[in-house]
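Read the structure below first, then the notes.
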2 protein chains.
Amino acid sequence: MGLSIVSSTLPPRGSDLPLLLLLGFRALIDDVHAELAEAGHAGFRPLHGVTFKAIGDGVTASELGRRLGVSKQAAGKTIEGLEREGYVERVADPEDARSKIIRLTSRGVDVQQQAFKVMADLRARWAERLGEERMAAIEEALREMTADRETRFDIPGWFNG
Amino acid sequence: MGLSIVSSTLPPRGSDLPLLLLLGFRALIDDVHAELAEAGHAGFRPLHGVTFKAIGDGVTASELGRRLGVSKQAAGKTIEGLEREGYVERVADPEDARSKIIRLTSRGVDVQQQAFKVMADLRARWAERLGEERMAAIEEALREMTADRETRFDIPGWFNG
DNA sequence: CACAATCGACAACCCCATTGTCTATTAAGG
DNA sequence: CCTTAATAGACAATGGGGTTGTCGATTGTG
């Protein structure tokens, strides 16, 4: 393909920083899930990872809904799916008879551990190519620029609107 | 909150690189859309930006669907929405009577230009805080690590599964 | 000991994306 | 040419996933 007569307006220099961050993120996540798929977790999606992070050490369906930015009913549906695949379980809350605590099963913890390991491996691979110094500089810089922002888990709603 | 007796398994060092990239991306995108909202484009969502990128200099609904990783019907719906808000228009394809070309209106180009400008400004702000050298190093590193990946626009389907 | 608030479950609804089908148009091959 | 396959976009029917609304049970508050 050649040059088009009617070209789009050129983006100014430096406006592709968000895209670069997104591409980097996607590259890592894709590699992580490729590894997970090989390890028998083919159905595990990036969104599940976020849900796992939101679950943390255990939450109620209502709280999970709040963290994910969806209704508690929607969170319940998500949980059902993860429960069916054996990643999470619901146990009675000893301190509140209304609540059921959602927490990772050993299989869930296993996926998470594997994911963490792959991420660390990928980080090492990046460091290998970029040099440990540059790698650390990137991390430090990103930490600095995002220090005032809290980690939010409502990715789909946030992005899709 | 204190230390919980049952703590979650600790993520290994270096496994938070994806999260850092995501946080950085989100920080930038949030700031961009905050500015756009003030400029009268409150309904403009991150997903719309991706759609704009996928539209490029003009595409058919079918092609847009392929780029976004959704059916042409779904792409058509998205287009209707953007059309209603005056961001895109459909014009007949002079070379193919079946096709209608979707392209940005002047209003659409305006939002895009503004978004580009805000992104460049934010990049400058980052450079101010990190130093131009570090900023450039990050960009260069990300470019290097994502050079072999093509830019894909199927974000929602990719992430949500 | 009332009373408001919250938890999870159930039901009804809605939006959006999907598949399937249709006509019009284009491209390819004999 | 003329037939046949492929593609564009419109329309219809379906389904998944989200939403609101309601309910009984339980908790916390004054």
Side-chain angles (χ1 to χ4, degrees), chain A residues 1 43-52 54-85 87-104 152-161, chain B residues 1 43-51 54-85 87-103 152-161:
Chain A
M1 57 174 175
F44 203 76
R45 307 299 313 156
L47 184 56
H48 294 149
V50 175
T51 306
F52 274 29
I55 290 174
D57 287 338
V59 291
T60 65
S62 295
E63 174 59 22
L64 181 60
R66 279 190 290 269
R67 293 188 187 176
L68 295 177
V70 298
S71 65
K72 58 185 180 180
Q73 292 88 338
K77 292 277 186 179
T78 304
I79 293 161
E80 279 179 35
L82 288 172
E83 208 174 11
R84 259 197 307 276
E85 296 178 45
Y87 290 124
V88 305
E89 61 185 354
R90 302 153 110 138
V91 299
D93 184 344
E95 298 178 356
D96 190 335
R98 292 170 304 178
S99 307
K100 288 179 183 170
I101 302 291
I102 298 136
R103 63 180 189 196
L104 302 190
R152 309 208 44 194
F153 305 105
D154 56 341
I155 317 289
W158 163 72
F159 194 81
N160 302 346
Chain B
M1 57 171 178
F44 202 77
R45 307 297 315 156
L47 183 55
H48 294 149
V50 174
T51 306
I55 289 173
D57 288 338
V59 291
T60 64
S62 294
E63 174 59 21
L64 182 60
R66 281 190 288 268
R67 292 187 186 179
L68 295 176
V70 298
S71 64
K72 57 185 179 182
Q73 291 87 340
K77 291 281 183 174
T78 304
I79 293 161
E80 279 180 33
L82 288 171
E83 207 174 13
R84 260 197 307 276
E85 297 177 43
Y87 290 124
V88 306
E89 61 185 355
R90 301 153 111 138
V91 298
D93 184 344
E95 298 179 357
D96 191 334
R98 293 170 303 177
S99 306
K100 289 179 185 170
I101 303 290
I102 297 136
R103 62 180 190 196
R152 310 210 40 195
F153 305 105
D154 57 340
I155 316 287
W158 163 73
F159 194 81
N160 301 346

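Throughout, protein chains are lettered first and strands after them, A, B, ... in sequence-line order, and every chain is numbered starting at 1. For clarity, every value in this text was computed on a predicted model and none was experimentally measured.
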Item to check | Stepwise side chain to side chain contact (heavy atoms under 4.5 Å, CB included) test for Leu64(A) and Ile55(A) | outcome: CA-CA 7 Å; Leu64(A) 181 60; Ile55(A) 290 174; 4.0 Å; yes

Item to check | Stepwise side chain to side chain contact (heavy atoms under 4.5 Å, CB included) check, Leu104(A) with Val88(A) | outcome: CA-CA 4 Å; Leu104(A) 302 190; Val88(A) 305; 3.9 Å; yes

Next on the checklist: Determine whether Ile102(B) and Thr60(B) satisfy the following criterion, side chain to side chain contact (heavy atoms under 4.5 Å, CB included), listing intermediate values before the conclusion.
Outcome noted: CA-CA 6 Å; Ile102(B) 297 136; Thr60(B) 64; 5.7 Å; no

Checklist entry - Where along nucleotides 18-28 of chain C does protein come under 4.0 Å, by heavy atom, of base (B) or sugar-phosphate alone (S), with - for untouched nucleotides? => result BBB---BBS--

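Separating the CG atom of Asp93(A) from the P atom of dA25(D) is a distance of 19 Å, rounded to the nearest angstrom. Put simply, CG on Leu68(A) is 10 Å from P on dG18(D), counting in whole angstrom units. Counting to the nearest Å, the C1' atom of dA17(C) and the CG atom of Asp154(B) are 15 Å from each other. Atom CZ in Arg45(B) sits about 17 Å away from atom C1' in dC15(C), given to the nearest Å. Protein atom CD of Glu80(B) is 11 Å distant from nucleotide atom P of dA17(C), rounded to whole Å. Nucleotide dG17(D) holds its C1' atom 12 Å from the CG atom of Leu47(A), rounded to whole Å. Here the P atom of nucleotide dG18(D) and the CD1 atom of Ile79(A) are 12 Å apart, to the nearest Å. Atom CZ of Arg84(B) is separated from atom P of dC15(C) by 11 Å (rounded to the nearest Å).
Within the 4.5 Å cutoff, side-chain heavy atoms of Leu68(A) are placed close to those of Thr51(A). Using a 4.5 Å cut-off on side-chain heavy atoms (C-beta onward), Thr78(A) and Val70(A) make no contact.
A donor-acceptor distance shorter than 3.5 angstrom exists from the side chain of Arg67(A) to the backbone of Ala54(A), with no hydrogens or angles considered.
Ionic pairing of Arg66(A) and Glu63(A) is present here: one or more N-O contacts between side-chain nitrogen and carboxylate oxygen are shorter than 4.0 angstrom.
When the C1' atoms of four end pairs are superposed on the next four at each end of the helix from dC1(C)-dG30(D) to dG30(C)-dC1(D), using five pairs per end, the two resulting axes differ in direction by 30°, to 10°.
Ring centroids of Tyr87(A) and Phe44(A) are separated by less than 6.0 Å, placing the two rings close together.
For Ser62(B) and dT7(D), the shortest distance from a side-chain N or O to OP1 or OP2 is not below 4.0 Å. For the pair Arg66(B) and dT7(D), the criterion of a side-chain N or O lying under 4.0 Å from OP1 or OP2 is not met.
When Arg90(B), Lys77(B), Arg103(B) are each tested for a salt bridge (Lys or Arg N to Asp or Glu O under 4.0 Å) with Glu83(B), only one passes: Arg90(B).
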